[in-house]
Amino acid sequence: MNQIIPPENLPELLERAHLMAGVSLAQIAAQRGLNVPRDLKRDKGWVGQLIEMELGATAGSKPEQDFLHLGVELKTIPIDSQGRPLETTYVCVAPLSNIQGLTWQNSLVCHKLQRVLWVPVEGERHIPVGERRIGTPILWEPDPQELQLLQQDWEEIMELIALGKVEKLTARHGEVLQLRPKAANSKALTQSIAEDGSLKMTNPRGFYLKTSFTAMILNKVFG
DNA sequence: AGCTGATCATGC
DNA sequence: GCATGATCAGCT
């Protein structure tokens, strides 16, 4: 497969992203020589990886921003016909042990969300995957209020994790950031802190942005 | 109808 | 198992 060179600077990345606006996923896939899946049931990350490829993101599973040299994290977000998010947005894995001394400022959530390039994509299931169109990209940096909301939720969630109450945390905690399972299935286990401070095993969790929060981000641009 | 918990693919 | 990319789908 022909590799696309990573963008050298931010304007170049934004130019590439803007050129994709209005284009269908089938068109992009054809350029990349890829088949379009009939649905996303077994290809949940397909859209995101397609957009990554087209923008020249360095593929990989490193816990870092997609464009580290530009300080930009790339997120595709499925939207309905009115431009509202259809799904929450996965941010990163949540640390459940060895978290002493971890602060918001040096957390992975804070680092990844410093600057995000949102690429909206039509996501309603009645639209065939190939016919779904890419929308106008949005470069977002959290404003002080958004940062404060994120930090507050993060600190509240991490505090409960530190106290060994991870099992008591549900997706209902947090205003804008939530903790949910993130694993192959519910049998996956990872180390976490127990209430007595020892270690135990629990299901891995991840941080997700709630749709009400990402809806505000998209609305700041499109109203 | 929206949300929460569960799940799918892939490369170490 | 962990981390990437996320969406699925049953339940409320």
Side-chain angles (χ1 to χ4, degrees), chain A residues 1 3 6 25 28-29 32 34-68 72-99 107-109 111-113 116-130 132 134 153 157 161 166-192 199-215:
Chain A
M1 175 163 334
Q3 200 79 269
L25 297 182
I28 304 287
R32 304 282 93 232
L34 298 172
N35 294 318
V36 179
R38 65 161 25 80
D39 60 54
L40 300 180
K41 289 179 188 176
R42 295 190 169 274
D43 295 272
K44 298 183 181 181
W46 188 81
V47 177
Q49 285 161 355
L50 183 74
I51 303 298
E52 269 191 354
M53 202 180 296
E54 187 69 11
L55 289 176
T58 47
S61 54
K62 295 183 292 292
E64 280 299 343
Q65 291 163 316
D66 295 290
F67 299 95
L68 191 54
V72 172
E73 169 75 8
L74 175 67
K75 288 290 178 198
T76 59
I77 183 164
I79 54 169
D80 65 16
S81 58
Q82 306 194 56
R84 290 177 306 207
L86 287 165
E87 295 286 348
T88 55
T89 301
Y90 171 67
V91 180
C92 61
V93 163
L96 302 183
S97 62
N98 291 55
I99 55 173
S107 72
L108 200 47
V109 176
H111 188 242
K112 284 206 168 192
L113 296 183
V116 178
L117 180 63
W118 297 95
V119 178
V121 177
E122 290 179 325
E124 289 174 322
R125 296 186 202 179
H126 66 82
I127 308 176
V129 177
R132 297 180 190 177
I134 299 165
D153 283 349
I157 291 168
I161 290 174
V166 63
E167 316 273 12
K168 292 188 170 57
L169 279 165
T170 73
R172 280 160 280 259
H173 285 81
E175 293 292 319
V176 300
L177 192 69
Q178 62 182 181
L179 196 72
R180 301 223 307 279
K182 172 60 176 174
N185 53 55
S186 58
K187 292 163 206 127
L189 294 173
T190 193
Q191 248 178 17
S192 69
L199 291 175
K200 63 177 179 180
M201 300 302 283
T202 26
N203 305 123
R205 319 295 169 100
F207 283 112
Y208 296 78
L209 297 177
K210 295 190 173 186
T211 54
S212 52
F213 185 65
T214 50

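By convention in this document, chain letters (A, B, ...) are assigned in the order of the sequence lines, proteins followed by strands, and residues within each chain are numbered from 1. Source: prediction; values computed, not measured.
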Student: With a 4.0 Å cut-off on heavy atoms, is A:P63 in touch with a base, just the backbone sugar-phosphate, or nothing at all?
Tutor: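 Sugar-phosphate, backbone atoms only, no base.
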
Student: A:H173 has an atom NE2; how far is it from atom P of B:dC3, in whole Å?
Tutor: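 In whole Å, B:dC3 P and A:H173 NE2 are 18 Å from each other.
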
Student: Does atom CG of A:N35 have more than 12 heavy-atom neighbours from other groups under 6.0 Å away?
Tutor: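 At most 12 heavy atoms, drawn from other residues, nucleotides or ligands, come within 6.0 Å of this atom.
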
Student: Atom CH2 of A:W46 to atom C1' of C:dA6: distance rounded to whole Å?
Tutor: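 About 14 Å, once rounded to whole Å.
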
Student: Return the polar atom pairs (N/O with N/O) between nucleotides 8-12 of chain B and the protein under 3.5 Å, or none.
Tutor:
| residue | atom | partner | partner atom | Å |
| --- | --- | --- | --- | --- |
| B:dC8 | O3' | A:R42 | NH1 | 3.3 |
| B:dA9 | OP1 | A:R42 | NH1 | 2.5 |

Student: Give, ordered by number, those residues of residues 203-215 of chain A having at least one heavy-atom distance below 4.0 Å to an atom of DNA chain C; if nothing qualifies, reply none.
Tutor: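 Residues of residues 203-215 of chain A that come under 4.0 Å of DNA chain C are, in numerical order, A:Y208.
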
Student: Could you say whether A:V47 or A:C92 is positioned toward the 5' end of DNA chain C, judged by the nucleotide with the nearest heavy atom to each?
Tutor: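 Nearest-nucleotide comparison on DNA chain C picks A:C92.
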
Student: Please say which of A:L96, A:I157, A:T190 ends up in a side chain to side chain contact (heavy atoms under 4.5 Å, CB included) with A:R205.
Tutor: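 Only one of A:L96, A:I157, A:T190 forms a side chain to side chain contact (heavy atoms under 4.5 Å, CB included) with A:R205, namely A:L96.
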
Student: Quick one, A:L177 and A:F213 - any side-chain contact, counting heavy atoms below 4.5 Å?
Tutor: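 Side-chain contact under 4.5 Å: no.
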
Student: Do the side chain of A:Q178 and the main chain of A:A171 share a donor and acceptor less than 3.5 angstrom apart?
Tutor: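 Yes, the answer is positive, given that a donor and an acceptor are paired below the 3.5 Å cut-off.
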
Student: Using a heavy-atom cut-off of 4.0 Å across all strands, would you classify A:D39 as base, sugar-phosphate, or nothing?
Tutor: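 Result for A:D39 = nothing.
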
Student: Rounded to the nearest Å, what distance is computed from the OH atom of residue A:Y90 to the C1' atom of nucleotide C:dC2?
Tutor: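 For the pair A:Y90 OH and C:dC2 C1', the rounded distance is 9 Å.
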
Student: Given atom NZ of A:K75 and atom C1' of C:dA3, what is their separation to the nearest angstrom?
Tutor: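 To the nearest whole Å, that distance equals 11 Å.
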
Student: Over all heavy atoms of both residues, which pair between A:F207 and A:A94 is shortest? Give the atoms and the distance, please.
Tutor: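 Between these two residues, the closest heavy atoms are CE1-CB, 3.6 Å.
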
Student: What is the separation between atom CG on A:L96 and atom P on C:dC2, rounded to the nearest whole Å?
Tutor: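 Spelled out: CG on A:L96 to P on C:dC2 is 9 Å.
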
Student: Return the 5'-most residue of the pair A:R132, A:L108 with respect to DNA chain C, ranking by each residue's nearest nucleotide.
Tutor: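 Nearest-nucleotide comparison on DNA chain C picks A:L108.
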
Student: Kindly give the heavy-atom pair with the smallest separation between A:V91 and A:K112, and that separation in Å.
Tutor: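 Smallest interatomic distance, heavy atoms only, reads O-CD, 3.6 Å.
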
Student: Rounded to the Å, how far apart are A:Q65 CD and C:dT4 P?
Tutor: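 One finds 12 Å between P of C:dT4 and CD of A:Q65, rounded.
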
Student: Checking all strands, does A:K187 fall into the base, sugar-phosphate, or nothing category for heavy-atom contacts under 4.0 angstrom?
Tutor: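 Counting heavy atoms under 4.0 Å across all strands, no contact is made by A:K187.
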
Student: Starting at atom CD of A:E73, determine the distance to atom P of C:dA3, rounded to an integer number of angstrom.
Tutor: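 That distance rounds to 14 Å.
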
Student: Any non-hydrogen side-chain atom of A:I79 less than 4.5 Å from a side-chain atom of A:L86?
Tutor: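 Result no, sub-4.5 Å side-chain heavy-atom pair not found.
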
Student: Between A:T76 and C:dG5, is there a side-chain N or O to OP1/OP2 distance below 4.0 Å?
Tutor: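 So the side chain of A:T76 is outside the cut-off, no N or O lying under 4.0 Å from OP1 or OP2 of C:dG5.
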
Student: When the distance from CZ of A:R125 to C1' of C:dA6 is rounded to whole Å, what number comes out?
Tutor: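 Atom-to-atom, A:R125 to C:dA6, this comes out as 12 Å.
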
Student: Just checking A:L86: base, sugar-phosphate only, or nothing, at a heavy-atom cut-off of under 4.0 Å?
Tutor: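 Nothing: the residue A:L86, judged by heavy atoms under 4.0 Å, touches no strand.
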
Student: Do you know which two heavy atoms are closest between A:P85 and A:T211, and how far apart they sit?
Tutor: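 Looking at all heavy atoms of both residues, the closest pair is CG-O, 3.8 Å.
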
Student: Between B:dT7 and A:R180, is there an OP1 or OP2 to side-chain N/O distance shorter than 4.0 Å?
Tutor: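 It does not, given that no N or O in the side chain of A:R180 lies less than 4.0 Å from OP1 or OP2 of B:dT7.
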
Student: Using 4.0 Å as the upper bound for N to carboxylate O, is an ion pair formed by A:K44 and A:E87?
Tutor: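 No.
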
Student: Do the side-chain N and O atoms of A:T88 and A:R180 include a donor-acceptor pair separated by under 3.5 angstrom?
Tutor: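 Side-chain D/A pair, A:T88 to A:R180: present.
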
Student: Less than 4.0 angstrom between a side-chain N/O of A:S186 and OP1 or OP2 of B:dT7, yes or no?
Tutor: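 Yes, A:S186 has a side-chain N/O under 4.0 Å of OP1/OP2 on B:dT7.
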
Student: If each of A:R84 and A:L169 is mapped to the nucleotide of DNA chain B with the nearest heavy atom, which maps nearer the 5' terminus, i.e. the 5' end?
Tutor: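 Comparing both residues, the 5'-ward one is A:R84.
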
